[in-house]
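Notes for the one structure printed next.
Since we're looking at a predicted model, the values are computed, not measured. Naming convention: chains lettered A, B, ... in sequence-line order (proteins, then strands); numbering from 1 in each chain.
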Number of protein chains: 2
Amino acid sequence: MLPANEKWFTEVHQDAGSAWSLAIETRLAHEVTDYQTIEVYQTRDWGNLMVIDGFVMLSTRDNFLYHEMLTHPALFSHPDPKRVLIIGGGDCGTLSEVLRHQGVERCTQVEIDEQVTRLAEKFFPELCARNDDPRAELLFDDGLAHIKNQPEGSLDLIIVDSTDPIGPAEGLFGPGFVKDCYRALAEGGIFVQQSESPLLHKDLIAGIRDNMGQAGFSDIKTLGFPQPCYPSGWWSASQARKGGTIEAADPARFEASGIETRYYNPEVHRGALSTQL
Amino acid sequence: MLPANEKWFTEVHQDAGSAWSLAIETRLAHEVTDYQTIEVYQTRDWGNLMVIDGFVMLSTRDNFLYHEMLTHPALFSHPDPKRVLIIGGGDCGTLSEVLRHQGVERCTQVEIDEQVTRLAEKFFPELCARNDDPRAELLFDDGLAHIKNQPEGSLDLIIVDSTDPIGPAEGLFGPGFVKDCYRALAEGGIFVQQSESPLLHKDLIAGIRDNMGQAGFSDIKTLGFPQPCYPSGWWSASQARKGGTIEAADPARFEASGIETRYYNPEVHRGALSTQL
């Protein structure tokens with residue numbers, strides 16, 4: 001039983017027979033947009049919490065794990081990533097990590113629901129601190145349509161930072177979208193997709209990897225990492241490269257970048273690449 | 001809210017403002033011993049679940065993470081571990097992993113509460129499958145007293161597989177016990193202690209590492225790993241070595257051991273050793 005002397009937000013993981021709850025102080029926002037229902041809570045111990053259609057998106061306290069592991073392994077694997085596209089990612093945490101790489105010349109974020117970004121600016125300002133970087137481009141559009149309009153071979157890195165594969169994000173887990181991404185990537189480019197829990201969602205991960213293989217990618221890796229606010233607390237990102245293999249970061253390059261992280265480092269990167277499925 | 005059409009077991013993490021729940025089918029056991037209250041539940045999706053004094057100890061589904069990471073990194077770091085002592089660990093999952101190492105000549109498990117082991121034999125038989133190994137010695141005794149009686153330099157590895165630092169396990173987190181362990185270890189020996197969550201329990205981990213340093217250990221490392229059934233889903237083991245440094249496994253030695261794992265491997269080991277605190 002959850003103690004009645006606190007207010008709780010609970011996310012039930014129906015297919016896993018588990019649930020996760022956070023003690024909350026108050027609800028800060030509740031918006032019904034054209035796409036979904038977005039809520040923001042002030043929690044007792046986890047900072048602010050964004051919830052979409054009842055599913056936890058991020059908390060102030062632990063989002064660094066997800067955002068670091070969705071970005072830095074791919075950026076440090078690619079020899080020289082300059083042109084980056086983020087599909088989803090409206091909280092701007094992924095954008096913020098990408099822009100820490102000085103070699104990136106342009107990073108476009110295509111979020112379907114502008115209100116996600118507007119609420120992030122208000123309640124997660126630390127994630128939006130680089131939104132004014134001249135290299136950043138924030139679009140509010142359908143990622144499925146956007147990718148079809150990109151010239152062939154025009155991107156070095158595509159990061160899919162989406163919600164679960166239900167609702168607006170469902171198409172982002174389909175084979176057609178992955179093929180479109182393959183086409184838009186330059187030779188040696190890397191496609192990254194958040195790919196749920198290695199403990200709970202093995203079939204989904206297998207499906208994501210199948211789509212990547214069928215699209216023509218030459219190497220596919222799934223990286224595991226802790227992520228407390230998501231079901232099971234163990235999450236993953238799957239990467240696929242167009243030509244060549246996916247390698248861990250060169251420690252000297254990481255060192256030279258001057259990027260300070262709280263979880264990611266080249267050794268953690270190697271370990272994540274060795275996640276068994 | 002937790003759906004009323006299911007029965008739920010909930011553990012509240014009071015100091016973290018979070019809670020974790022599992023859908024349960026039925027309670028299989030409820031025993032009040034001289035030390036604690038032990039319950040076993042059959043869950044809907046996580047196999048069996050052991051709970052002590054309201055805190056989750058292990059589930060069938062995810063205990064492999066904890067048991068592999070408490071044992072193999074230490075056993076593969078040590079050049080030739082022959083004499084192993086486990087303090088606590090009554091479910092026998094740690095013992096089982098240790099005994100997979102052919103070089104181990106004796107592994108003694110000192111659990112204070114015999115009923116933990118009796119219930120594990122009944123409800124987690126896969127963890128107890130090696131209890132009849134002639135190298136295994138199961139004692140039901142106070143670990144604090146046991147370690148004082150061990151000859152100086154008589155052990156290669158001590159693994160503290162305890163409950164949280166409250167109740168019967170509190171003394172296992174004190175400086176006196178750690179000094180006793182240091183004395184009992186041979187030169188080059190390794191002390192391992194489960195050390196809670198890198199996200200939630202930074203002060204506790206700092207205290208554990210302080211105790212290790214003050215006892216005279218020459219190298220100290222904290223290894224992080226996912227562990228869904230514990231608070232935050234991100235857990236740690238802290239290691240200390242008596243003389244010399246703590247290194248990751250030699251991949252060739254791991255390969256030659258023939259030990260098959262579901263999470264641990266030498267690359268994951270290196271990554272875990274690089275956990276930032």
Heavy-atom distances under 4.5 Å only: say whether [X] touches chain B with side chain, backbone, both or neither.
X        : result
A/Glu6   : side chain
A/Trp20  : both
A/Leu200 : both

Has [X] got a side-chain atom pairing as donor or acceptor with [Y]'s backbone, closer than 3.5 angstrom?
X        : Y        : result
B/Ser236 : B/Ser195 : yes
B/Ser257 : B/Phe254 : yes
A/Thr60  : A/Gly47  : no
B/Asn63  : B/Leu58  : no
B/Gln227 : B/Tyr66  : yes
B/Asp219 : B/Ile246 : yes
A/Ser218 : A/Arg241 : yes

Notebook entry, point to check: Which pair of non-hydrogen atoms, one from B/His72 and one from B/Arg100, has the smallest distance, and what is that distance?
Noted result: NE2-NH1, 4.3 Å

Quick check on [X] against chain A: is it the side chain, the backbone, both or neither that has a heavy atom closer than 4.5 Å?
X        : value
B/Ser232 : both
B/Arg44  : side chain
B/Thr261 : both
B/Tyr264 : backbone
B/Val12  : side chain
B/Trp46  : side chain

Note to self: Just verifying a value: how many Å separate B/Thr222 OG1 and B/Glu196 CD, rounded to the nearest 0.5 Å?
What the structure shows: 12.0 Å

If you count heavy-atom pairs under 4.5 Å between each of [options] and chain A, which one has the most?
options                              : value
B/Trp234, B/Tyr230, B/Trp8, B/Trp235 : B/Trp234
B/Leu277, B/Asp15, B/Asp45           : B/Asp45
B/Gly233, B/Pro231, B/Ala16, B/Ser21 : B/Ser21
B/Leu2, B/Leu22, B/Asp62             : B/Leu22

Considering only heavy atoms and a distance below 4.5 Å, find which of [options] pairs most often with chain B.
options                     : value
A/Pro226, A/Pro3, A/Ala19   : A/Ala19
A/Met1, A/His269, A/Arg262  : A/Arg262
A/Ser274, A/Cys229, A/Ala23 : A/Ser274

Notebook entry, point to check: Hey, mind stepping through B/Glu39 and B/Thr37 against side chain to side chain donor-acceptor pair (under 3.5 Å) and telling me if it holds?
Noted result: CA-CA 7 Å; B/Glu39 296 166 287; B/Thr37 298; over 6 Å; no

